[in-house]
Amino acid sequence: MLDLKFIRENLEVVKQAIVNKREKVDLDKLVALDLQRRDLLQEVEKLKQERNRVSQEIGKLKKAGEVADQQIAEMGTVANRVKDLDIEVRRVEAEIRDIQVWIPNIPHESTPIGTTEDDNKGIRTWGEPTEMDFKPKPHWEIGENLGIIDLARGAKVSGSGFVTYTGLGARLERALINWMLDLHTEKHGYREISPPFIVNRESMFATGQLPKLEDDMYLAQTDDLFLIPTAEVPVTNLHRDDVLQAGDLPIKYTAYTPCFRREAGAHGKDTRGLIRVHQFDKVEMVKFVKPETSYDELETLLSEAEEVLQMLELPYRVLQLCTGDLSFAAAKCYDIEVWAPGLDKWLEVSSCSNYESFQARRGNIRFRNEAGKMDFVHTLNGSGLALPRTVIAILETYQTDEGTVVVPEVLRKYLGRDLLK
RNA sequence: GGAGAGGUGGCCGAGCGGCUGAAGGCACAGGUUUGCUAAACCUGCGUAGGGGCAACUCUACCGAGGGUUCGAAUCCCUCCCUCUCCGCCA
């Protein structure tokens, strides 16, 4: 969320951000309401001041044993007027908020202006798309043949877009999760978190999923709780309403969670196999940092996510998202796309974003800076990594012409095998 | 789900309907003393929103929302959360 005063003083910047992010918000109405609010405040606060002053007089008079009937009658009238104005102020403030919560974060100045993913900017490529001396199979064929992925039974049990991993497929998931968590905790210095997978409305609002993305989320209606779309939500909300100490920053958490996404309206595109599913596993990294360090922290975060692919020896490329592809809450975001030879495609396996103070304002996550003043932290998060597409890349890259899959070196210890057959 | 206790500033903790934005302590910042560390003493120190060029000033905030009252941290109602006991249960 953006600060009201900031919006007031940087109206054109905010308007441009809304256009660039392809959102629609009636800022002029917001400005008018803000003006109205301040007029009302001045009026009601003046009345409150008088009420406070006279009420004190009444107290003194009564203590002195004198009558104060006249003052009491006068303040009765003032009290009624205050009550009416307070209601009006609350109404106007609610209207302001209803607009304010739909204003997206402002893209960082380095963000390319653009409308679709085609306008994203290539940053670097690591490795070369793998050349095979046979025609590589898509992962769903490899997986079904090896008996490690069962799409049909996932669909029977839950519906399309739900996968069941069986045997070594299930173990591969577990191996990847354990290996990634070990990497981030032991080498990168993150603290491991195992958070709730179901969260309340306040949490979904703080990280920016609500109100915009409500239709993409699974909702347990009876209790008004949401299945998390990413560990970012519960882990960032760990510090909602907290005041952190400057000395404690940066705080770095990593968490494995399943992620649940309805993907309303996304049907029809890239839905085959594991490419786009309603439930998937992910290891996430989340950071709470001082504002002046957040862009350096973003680069570190990105390199830690890249390291996962480097250790798996999977070719990938890094893109910086353009304004039109940047999410509602993000100021700057890099995507990492891994090469999938069977699909002959790049697949997004990680998104690393800096939200600056956008989420911190919504969630009231503050810290006391060196000068002793309260300030909002900056929050960041990045996937490290999303599992299904990592599995796709592993199966398709390490497949042999015999239909087996060589296990990447770093996973052998975790999987207890060096070949899937 | 039932019964009881409780939710006060960054933290702990006091608080008769008016003189309480809130005692006291801790933490933090500055200063004095000190060979260093430590300690002692002094001073300062909530958040947010208005108004003012500014010094400053006003308003709100004691879990949330209502109510009573000229006036509510304090009284009443509803809800949320935490703890203890009971029930149910992996």
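Every chain is numbered from 1 and lettered A, B, ... according to where its sequence line falls, protein lines coming before strand lines.
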How far does the [atom1] atom of [N] sit from the matching atom of [M], given to the nearest Å?
N: B/G13; M: B/A72; atom1: P; answer: 27 Å
N: B/A60; M: B/C77; atom1: C1'; answer: 23 Å
N: B/C16; M: B/A29; atom1: C1'; answer: 36 Å
N: B/U68; M: B/C81; atom1: C1'; answer: 26 Å
N: B/C26; M: B/C45; atom1: C1'; answer: 13 Å
N: B/A40; M: B/G15; atom1: C1'; answer: 31 Å
N: B/U69; M: B/G18; atom1: C1'; answer: 12 Å
N: B/C12; M: B/G66; atom1: P; answer: 27 Å

The dot-bracket string of RNA chain B, counting Watson-Crick and G-U wobble pairs with both distances under 3.5 Å, using [ ] for crossing pairs and | for pairs to another strand, is ((((((((.[[[..)..(.....]]].(((((.......))))).((((((....)))))).[[[[[..)....]]]]])))))))....

* Any Lys/Arg nitrogen of A/K29 or A/D26 sitting under 4.0 Å from an Asp/Glu carboxylate oxygen of the other? ->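 A/D26 and A/K29: not salt-bridged.
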
Any ion pair linking A/E284 and A/K282 (charged N to carboxylate O, less than 4.0 Å)?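 The answer is yes: the pair qualifies as a salt bridge.
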
Ignoring hydrogens and angles, tell me if any N or O in the side chain of [X] forms a donor-acceptor pair with the backbone of [Y] under 3.5 Å.
X: A/R51; Y: A/M75; answer: no
X: A/R261; Y: A/P229; answer: yes
X: A/S303; Y: A/T300; answer: yes
X: A/K290; Y: A/P250; answer: no

Write down the distance between [atom1] ([X]) and [atom2] ([N]), rounded to a whole number of angstrom.
X: A/D223; N: B/C80; atom1: CG; atom2: C1'; answer: 14 Å
X: A/L61; N: B/G71; atom1: CG; atom2: C1'; answer: 13 Å
X: A/E50; N: B/C58; atom1: CD; atom2: C1'; answer: 14 Å
X: A/E74; N: B/U69; atom1: CD; atom2: C1'; answer: 17 Å
X: A/R90; N: B/G65; atom1: CZ; atom2: P; answer: 9 Å
X: A/M75; N: B/C70; atom1: CE; atom2: C1'; answer: 7 Å
X: A/N369; N: B/U47; atom1: CG; atom2: P; answer: 10 Å
X: A/Q71; N: B/G18; atom1: CD; atom2: C1'; answer: 15 Å

For the residue pair [X] and [Y], what are the closest heavy atoms and their distance?
X: A/L343; Y: A/P138; value: CD2-CB, 4.5 Å
X: A/F376; Y: A/S357; value: CB-CB, 3.9 Å
X: A/W339; Y: A/A393; value: O-CB, 3.9 Å
X: A/R368; Y: A/V243; value: N-CG1, 4.4 Å

So does A/K83 get a side-chain nitrogen or oxygen closer than 4.0 Å to the phosphate oxygens (OP1/OP2) of B/U68?
yes

When the nearest nucleotide of RNA chain B is assigned to A/A79 and to A/K60 on a heavy-atom basis, which residue is associated with the more 5' position?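 The residue mapped nearer the 5' terminus is A/K60.
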
Legend entry - Residue mapping more 5' on RNA chain B - nearest nucleotide basis, A/R53 or A/G76: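 The residue closer to the strand's 5' end, by nearest nucleotide, is A/R53.
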
Quick note, ring-ring contact (aromatic ring centres under 6.0 Å, His included) partners involving residues 189-244 of chain A, not counting sequence neighbours, are A/H239-A/Y253, A/H239-A/F288

Residue pairs passing the ring-ring contact (aromatic ring centres under 6.0 Å, His included) test where at least one lies in residues 58-110 of chain A, sequence neighbours excluded
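Found A/H108-A/Y295.
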
With B for base contact, S for sugar-phosphate-only contact and - for none (protein heavy atoms under 4.0 Å), nucleotides 48-57 of chain B reads -BSS------

Heavy-atom contacts, protein to nucleotides 26-32 of chain B, under 4.0 Å, summarised as B (base), S (sugar-phosphate only) or - (none) per nt, yield -------

Just to be sure I understand the rule, does [X] reach a base, reach only the sugar-phosphate, or reach nothing, if contact means heavy atoms closer than 4.0 Å?
X: A/V54; value: nothing
X: A/K46; value: nothing
X: A/N52; value: sugar-phosphate

Around atom CZ of A/R191, are there more than 12 heavy atoms from other residues, nucleotides or ligands closer than 6.0 Å?
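It does not: A/R191 CZ has 12 such atoms or fewer within range.
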
Q.
Can you tell me if A/Q70 has over 12 outside heavy atoms packed within less than 6.0 Å of its CD?
A.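 Incorrect, the count does not exceed 12.
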
Could you write out each protein N or O paired with an N or O of nucleotides 20-22 of chain B at a distance under 3.5 Å?
none

Apply side chain to side chain donor-acceptor pair (under 3.5 Å) to residues A/S203 and A/N200 and explain how you reach the verdict. CA-CA 6 Å; A/S203 294; A/N200 58 30; 3.1 Å; yes

- Applying side chain to side chain donor-acceptor pair (under 3.5 Å), run through A/D150 and A/T166 and close with a yes or a no. CA-CA 7 Å; A/D150 195 331; A/T166 51; 5.7 Å; no

